[in-house]
Amino acid sequence: MHDIIRLLPDSVANQIAAGEVIQRPASAVKELLENAIDAGATSIKLVIKDSGKTLIQLVDNGCGMSMTDARMSFERHATSKIKSASDLFAIKSLGFRGEALASIAAIAQVELKTKRVEDELGSLIIIEGSKVIDQQPTQCANGTSIAIKNLFFNVPARRNFLKSNQVETRHIIDEFTRVAMVNSSISLSMHHNEKAVFQFNNSTLKQRISGLLGANFSQRLIPVEQDTESIKVYGFIGKPEFARKTRGEQFFFANNRFIKHPYLHHSIDAAFQELLPKDAFPSYIIFIEVDPKTIDINIHPTKTEVNFQNNKVLYAILRAAVRQSLGKFCITPSLDFEMEQSLNFTDPPEGKVIKSPIIATNPNYNPFDSQTKRPVKPFTKPKATNWESLYAEQAPTANDDKLTNGITNEQKKITPEQESPEEIAEVINERIFQFKNRYIVTVVSSGLMIIDQSLAHERILFERFSNMLENNKSSSQQELFPETLTFSASDAEIINDIKDELGIIGFAIKSMTKNTFVVTGRPADLSDLNLRDALEGIIENYHKNLLELNLNKKINLAKSMAANIAIKAGILLKNEEINAMVDALFACKVPTVSPSGKAVFSIISMDELAKKFN
Ligand code: ADP
Ligand code: MG
């Protein structure tokens, strides 16, 4: 038999390697951004089309390449950043594997224009699926411009594997955010489908954080700083009272590289201990500087984990630093971040008159007019009541499916025993009270019914919102003073995506500038709502559901809204509110389970009670 082992052609080897390095458009964005930073660029422009699926273009003013280097840069294991294995232990650049451009060129159509300051002419290289199509001298600006077209054009399986445009854009924004955060002195912009998503001049770290995560966000931060001989730690942590329910803004950077580090994450968690509710996550943006010799980044091209030689020391330093800041800044509120920020305002240009802000009001608004008055009853009873379908079988009907979405059959097993709904509804109205500002207790013929007020309200709101979204029926209550809210670019993306649906539910939102919106109306009955908190919560929940549950837009929105707006435990309810809530709950299609799959109420049967006294 003949020998059968042969070396793979470079183009095939590159395509295989590309599978590891470039998993989605965001991975290519990350590699290009890092190359530009390594090239010493002070200005970087990123242009994306169709979430990077058709175009990713990066223009930098870095050192550029000679014609030979330009051609070499697409070879596998071709790098200017390390020479020998020993260099691996003192890496100062972001790249060093020499794999990115070779991988990208194997699976896309790439056009590279590059010129060094000292050269008269630049170079143009066009390369497609690892094949050089064109190579010639060209007139171009100093620096490098690289356009990646039709990513995965020759690997349809990969292309089909990509997620929705929204998800892919989100990944790109995440990568951009990580690079922009740690390079605040670099001018950076990102355009998507011809619209500016980010535009930053060189700025301070604080300004950069505001630009990336929203001005509001940076106001919630307190500084952290700790300098030792071998380790420097600095950055910001979120004030405990603003901790989020979902793992939101958590950033570690080690020697200017974004990293993930569960062990260090734990040290921050530990520092926050007791200051946060159980289900809340601290926000942090922490920069760590150590001797490059003491850090191992040589793990995997797309992974962000690194190893520190002094893991334990770092853990202790970080925890102490965070603890110290928490003590200093949370007990002394006068040392507030907001105050520092006000120092950033610049004087108006000479001779320029400052106009006072114009506040739009509705001159016809009369709070005593019954037409415009806010309704007193907090819970509106949905019209449709379908008791049969509720109790006839455990599995919901097709129609109910959308109302129980996300709930497993396992979770659906909680049924109110033999009690008929009419019976429950009848008895319920007789004796009913709130217990510990958390439960509603009432007597039903089979025993004692205990309703969780928050879960009940979540169910009521969820059905109400999904009905509105299904039937396109909106009801909104005009804001007396429209509120202007600014969000981070990624949150603004989500708002733009669901603005119409939010409108149906009652949040009348208009775009002002890229990330700023004016809210002119809110859902009727929700006059006590803090608009910013509610919208932020909804966005976070919506985003999480999008990634984890793949819910359809309407169900996702209804779920996110309900979870955020529902009254929480600890709120005292008036008698008429308790009654209205119970009425509304039992008018729901699925009163037994909350949209998140928890039992809304529990019945302690007479038998169970009797047993307790035996
Ligand atoms: P790595 O970054 O790991 O070295 P890449 O494949 O990303 O590998 O790039 C290969 C080489 O091409 C780099 O080492 C660098 O010399 C050069 N290069 C890539 N992008 C740029 C750029 N934007 N400006 C200047 N040189 C670049
Ligand atoms: Mg690189």
Side-chain angles (χ1 to χ4, degrees), residues 10-11 13-23 25-47 56-85 87-88 90-108 110-119 122-127 130 132 135 138 140-148 151 175-176 178-179 182-183 186-189 255-258 292 297-304:
D10 274 355
S11 58
N14 283 342
Q15 208 179 76
I16 295 170
E20 298 238 313
V21 187
I22 308 296
Q23 289 162 339
S27 352
V29 168
K30 169 177 183 272
E31 295 295 338
L32 297 189
L33 284 169
E34 293 191 345
N35 278 349
I37 304 257
D38 283 344
T42 55
S43 160
I44 298 174
K45 295 190 183 96
L46 172 66
V47 174
I56 300 168
Q57 181 170 27
L58 200 105
V59 182
D60 70 51
N61 65 350
C63 64
M65 287 179 264
S66 69
M67 176 62 107
T68 319
D69 280 354
R71 178 62 195 84
M72 262 305 271
S73 69
F74 290 106
E75 293 299 322
R76 201 142 153 246
H77 307 307
T79 179
S80 56
K81 299 170 193 174
I82 57 170
K83 291 200 182 82
S84 64
D87 293 343
L88 274 176
I91 285 174
K92 295 214 173 74
S93 56
L94 292 166
F96 59 90
R97 291 167 205 278
E99 279 181 320
L101 290 188
S103 300
I104 291 169
I107 48 160
V110 180
E111 189 185 300
L112 170 78
K113 279 187 192 162
T114 185
K115 179 173 135 18
R116 301 181 301 181
V117 187
E118 62 265 40
D119 296 334
S123 318
L124 164 75
I125 292 181
I126 296 175
I127 184 163
S130 299
V132 178
Q135 174 174 5
T138 190
C140 62
N142 292 334
T144 302
S145 158
I146 182 161
I148 301 176
L151 195 66
E175 293 295 353
F176 183 95
R178 293 164 182 180
V179 171
V182 69
N183 289 288
I186 296 181
S187 303
L188 274 160
S189 68
N255 291 1
N256 293 343
R257 181 191 301 272
F258 172 81
I297 49 180
N298 192 12
I299 297 184
H300 185 277
T302 57
K303 296 276 172 5
T304 43

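Each ligand, and each atom within it, is numbered from 1 in the order the structure gives. We're numbering straight along the sequence, starting at 1.
For ligand 1 and R97, the ligand atoms under 4.0 Å from any heavy atom of the residue are 3 (O). Residue contact check: A100 has heavy atoms under 4.0 Å from atoms 6 (O), 7 (O) of ligand 1. Listed by atom number, the atoms of ligand 1 under 4.0 Å from T79 heavy atoms are 1 (P), 4 (O), 14 (O). Those atoms of ligand 1 with a heavy atom of S73 less than 4.0 angstrom away are 10 (C), 12 (O). Those atoms of ligand 1 that come under 4.0 Å of a heavy atom in G95, given as number and element, are 2 (O), 3 (O).
By the criterion of a heavy-atom distance under 4.0 Å, the backbone of A78, and not its side chain, is placed next to ligand 1. At a 4.0 Å heavy-atom cut-off, ligand 1 touches L101 through backbone and side chain alike. By the criterion of a heavy-atom distance under 4.0 Å, both the backbone and the side chain of S80 are placed next to ligand 1. Only side-chain heavy atoms of D60 come within less than 4.0 Å of ligand 1; its backbone N, CA, C and O stay farther off.
Among all heavy-atom pairs drawn from G95 and K81, the shortest one is O-CD, 3.3 Å. Among all heavy-atom pairs drawn from D38 and L94, the shortest one is OD1-N, 2.8 Å. Closest heavy-atom contact between T114 and G64: OG1-CA, 3.4 Å. The minimum heavy-atom distance linking R76 with A13 is given by the pair NH1-CB, 3.5 Å. When all heavy atoms are compared, the tightest approach of F96 to T79 is O-CG2, 3.7 Å. Residue K113 comes nearest to E111 through the heavy atom pair CE-OE2, 3.9 Å, listed as atom of the first residue, atom of the second, then distance.
Among protein heavy atoms, the minimum distance from atom 22 (C) of ligand 1 is reached at T144 OG1, 3.7 Å. Of the protein's non-hydrogen atoms, the one nearest atom 25 (C) of ligand 1 is A39 CB, 3.6 Å. The single protein non-hydrogen atom nearest to atom 19 (C) of ligand 1 is N35 ND2, 3.5 Å, given as residue, atom name and distance.
Residues satisfying the side-chain hydrogen bond (donor to acceptor under 3.5 Å, both in side chains) test with D60, not counting sequence neighbours, are none. Looking at residues two or more places apart in sequence or on another chain, you find no side-chain hydrogen bond (donor to acceptor under 3.5 Å, both in side chains) involving R257. Scored by the ring-ring contact (aromatic ring centres under 6.0 Å, His included) test, F74 finds no partners at all (sequence neighbours excluded).
The CG atom of L112 lies 11.5 Å from the CG atom of L58; values are rounded to the nearest 0.5 Å. Taking CD of E20 as the start and OG of S27 as the end, the distance is 11.5 Å to the nearest 0.5 Å. To the nearest 0.5 Å, atom CE of residue M67 and atom CD of residue Q135 are 5.0 Å apart.
Put simply, the side chain of K83 never gets that close to the backbone of D87: no donor and acceptor are under 3.5 Å apart.
Polar contact check, K81 against ligand 1: a nitrogen or oxygen pair lies under 3.5 Å apart. When only interatomic distances are considered, the shortest N/O to N/O separation between F96 and ligand 1 falls below 3.5 Å.
Using a non-hydrogen distance threshold of 4.0 Å, M65 registers as a contact of ligand 1.
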Applying side-chain contact (heavy atoms from CB on, under 4.5 Å), run through I56 and I146 and close with a yes or a no. CA-CA 8 Å; I56 300 168; I146 182 161; over 6 Å; no
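The tally of protein N/O/S atoms under 2.8 Å from the Mg ion (ligand 2) stands at 1.
Between the choices A105, G143, G62, G98, the shortest heavy-atom distance to atom 1 (P) of ligand 1 belongs to G98.
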